[in-house]
Amino acid sequence: MKNIFAATLLGASLIATGAAAQEQDSRLKTVLDRGSLLCSGHNGSFLGFAEVDDEGKWKGLDIELCQALAAGLFGTSEGHLEIVPISWAQRWPALQSGDIDVVIKVSGWTQSRDTELNLQFSRPYFIGAFQAMTKTELGAQSIADLDGGTICVAAGTSTERAAATYLQSKSIEAELLTFENGDELRNAYYDGRCDAYVEWAPSLAAARLDAPDGADAHVILSDVIDLEAEGIVVPEGDPKWLDVQNWMLNSLWFAEANGITAENVDDIRANPPSATIEKFLGVTPGYGARLGLPDDWAYNMIKEVGNFAEIYDRSLGDSSPYGLPRGINALYSDGGVFFPLIVD
């Protein structure tokens, strides 16, 4: 019995020591101690997700998720968020070196990234379909009609791999011309250096809208090259930091599902309709403390950026220049695939 008791104490001690070490090593502690979040931007314009407006300010869905995260961590993103411009290929080295704290850059969850690069992915927050856009004058009805041509694609991305795999599987002989910078990629297509441009459907729709010769001069082919689940990326072996990403996304969906917006969040917090909403908005304790955050962290996020629907609407939806329907990326209650986890 003494030996069993001693072994039990030893096991408990090891668990406690491991948990303490894990907390000490977490990127969450690094970020909180620094007082600012280093979040991924883009080295050009990734329309609708990470772009710079006429006043030199970042905007887009990914940028607003960075703002939400910073607001949750510090109460506001103002003075606590730095957007670091990086290329697609720089994402992983920048994360692993500590030049950025998190990759919120519509990054596809693939097996090689998951198993070989020491990365961990959050729940997906966007489902993207890869398609091709081409000049209307070419008369192409499908990607097969581009046989013998040249296709522009972003370098070092899952888009490039998906396009290469699709061409090979369909025995289509086409050259892939790659670019690191999103503006260079689009301009190469506009200038006729390639016959088609492969990217997400949302990005293609935005690029078609901005085409210098008009949207009607371009057509998005119906072939779906692949579907990709996009998640937030953190270093592997840091569950506390990953938890924060997952529950940040969950908070935005939960607020949407419960009709909590940036405009009404103060009224709802003053008179919560349920004990669950009371906890979610930090009126009663628990929702933040479990993550090592203030209990009002979700309230601070919603107050600054609103719920996920509000973010999508400003970035890609009806309040944006792109007017893209949310479709599969809506909540399950609206015909999409996303849903909030239970707040208890």
Side-chain angles (χ1 to χ4, degrees), residues 40-53 58-66 68 88 91 103-110 122-134 143 151-154 157-163 166 179 181-187 189-190 196-211 214-216 218-233 249 252-253 256 305 307-331 334-338:
S40 55
H42 196 57
N43 61 337
S45 287
F46 196 60
L47 301 179
F49 293 90
E51 53 183 301
V52 178
D53 65 19
W58 285 99
K59 66 176 183 176
L61 190 144
D62 285 344
I63 300 302
E64 292 212 29
L65 291 181
C66 289
W88 295 109
R91 285 173 293 177
V103 174
I104 306 181
K105 191 175 167 70
V106 283
S107 299
W109 190 347
T110 72
S122 71
R123 292 179 66 191
Y125 65 87
F126 195 89
I127 306 296
F130 296 133
Q131 292 177 252
M133 181 166 70
T134 186
I143 294 175
I151 298 175
C152 285
V153 68
T157 65
S158 49
T159 315
E160 180 185 358
R161 288 197 298 275
Y166 184 87
F179 296 86
N181 182 286
D183 292 331
E184 291 176 357
L185 170 61
R186 281 187 298 280
N187 289 332
Y189 167 72
Y190 294 148
Y197 163 31
V198 170
E199 192 40 278
W200 275 9
S203 297
L204 291 179
R208 180 173 178 265
L209 185 67
D210 284 349
D216 290 342
H218 305 268
V219 59
I220 298 175
L221 302 178
S222 60
D223 313 60
V224 174
I225 294 171
D226 209 347
L227 289 174
E228 182 179 71
E230 318 295 337
I232 298 173
V233 190
L249 293 173
L252 299 175
W253 288 317
E256 179 184 355
V305 301
N307 61 41
F308 202 98
E310 292 177 275
I311 293 172
Y312 185 95
D313 186 58
R314 284 191 298 267
S315 301
L316 294 167
D318 290 340
S319 296
S320 77
Y322 314 119
L324 296 173
R326 205 163 154 195
I328 194 174
N329 290 292
L331 289 181
D334 295 320
V337 299
F338 292 104

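Each residue takes its place number in the sequence, starting with 1. It should be emphasised that the depicted structure is a prediction, and the values quoted were computed from it without experimental measurement.
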Check your understanding: How about Phe308 and Phe338: are their ring centroids closer than 6.0 Å?
Key -> no

Review point. Would the His218 and Tyr189 ring centres measure less than 6.0 Å apart?
Key: yes

**Study point:** Arg208: partners by salt bridge (Lys or Arg N to Asp or Glu O under 4.0 Å), with sequence neighbours left out
**Key:**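 Scan of Arg208 (salt bridge (Lys or Arg N to Asp or Glu O under 4.0 Å), adjacent residues dropped) gives none.
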
Review point. Just by distance, with hydrogens left out, do Tyr125 and Asp62 show a side-chain donor and acceptor under 3.5 Å apart?
Key: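 The answer is yes; a qualifying pair exists.
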
Exercise for review: For the pair Arg186 and Glu51, find out whether any cationic side-chain nitrogen is under 4.0 Å from an anionic carboxylate oxygen.
Suggested key: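 Not counted as a salt bridge, because no side-chain N and carboxylate O are separated by less than 4.0 Å.
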
Atom pair [atom1] ([X]) and [atom2] ([Y]), whose distance is rounded to the nearest 0.5 Å:
{"X": "Leu204", "Y": "Leu47", "atom1": "CG", "atom2": "CG", "value": "10.5 Å"}
{"X": "Phe49", "Y": "Lys105", "atom1": "CZ", "atom2": "NZ", "value": "11.5 Å"}
{"X": "Leu65", "Y": "Ile104", "atom1": "CG", "atom2": "CD1", "value": "5.5 Å"}
{"X": "Glu230", "Y": "Ile127", "atom1": "CD", "atom2": "CD1", "value": "7.5 Å"}
{"X": "His42", "Y": "Asn181", "atom1": "NE2", "atom2": "CG", "value": "6.0 Å"}
{"X": "Leu185", "Y": "Ser45", "atom1": "CG", "atom2": "OG", "value": "12.0 Å"}

Would you name the heavy atoms of [X] and [Y] that are closest together and state the gap between them?
{"X": "Thr110", "Y": "Ser158", "answer": "CG2-CB, 4.3 Å"}
{"X": "Pro321", "Y": "Leu209", "answer": "O-CD2, 2.9 Å"}
{"X": "Ala129", "Y": "Val224", "answer": "CB-CG1, 4.3 Å"}
{"X": "Phe130", "Y": "Ala162", "answer": "CD1-CB, 3.7 Å"}
{"X": "Ser315", "Y": "Leu61", "answer": "OG-N, 3.1 Å"}
{"X": "Ser40", "Y": "Cys66", "answer": "O-SG, 4.1 Å"}

Using side-chain heavy atoms (C-beta onward) and a distance below 4.5 Å, is [X] in contact with [Y]?
{"X": "Glu310", "Y": "Val305", "answer": "no"}
{"X": "Pro202", "Y": "Tyr322", "answer": "no"}
{"X": "Val233", "Y": "Arg91", "answer": "no"}
{"X": "Tyr166", "Y": "Asp226", "answer": "no"}

Practice item. Go through the steps to decide whether Glu256 and Tyr312 satisfy the test side-chain contact (heavy atoms from CB on, under 4.5 Å), and finish with yes or no. Key: CA-CA 11 Å; Glu256 179 184 355; Tyr312 185 95; over 6 Å; no

Practice item. Step through the shown structure and confirm whether more than 12 heavy atoms of other residues, nucleotides or ligands are within 6.0 Å of CG on Asp53. Key: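 Enclosed: over 12 neighbouring heavy atoms sit under 6.0 Å from CG of Asp53.
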
Exercise for review: Not counting sequence neighbours, which residues clear side-chain hydrogen bond (donor to acceptor under 3.5 Å, both in side chains) with Glu160? List them please.
Suggested key: none

Check your understanding: Can you name the side-chain hydrogen bond (donor to acceptor under 3.5 Å, both in side chains) partners of Asp313, sequence neighbours left out?
Key -> Ser319

Exercise for review: Could you walk me through whether Thr159 and Trp88 pass the side-chain contact (heavy atoms from CB on, under 4.5 Å) test, one step at a time?
Suggested key: CA-CA 11 Å; Thr159 315; Trp88 295 109; over 6 Å; no

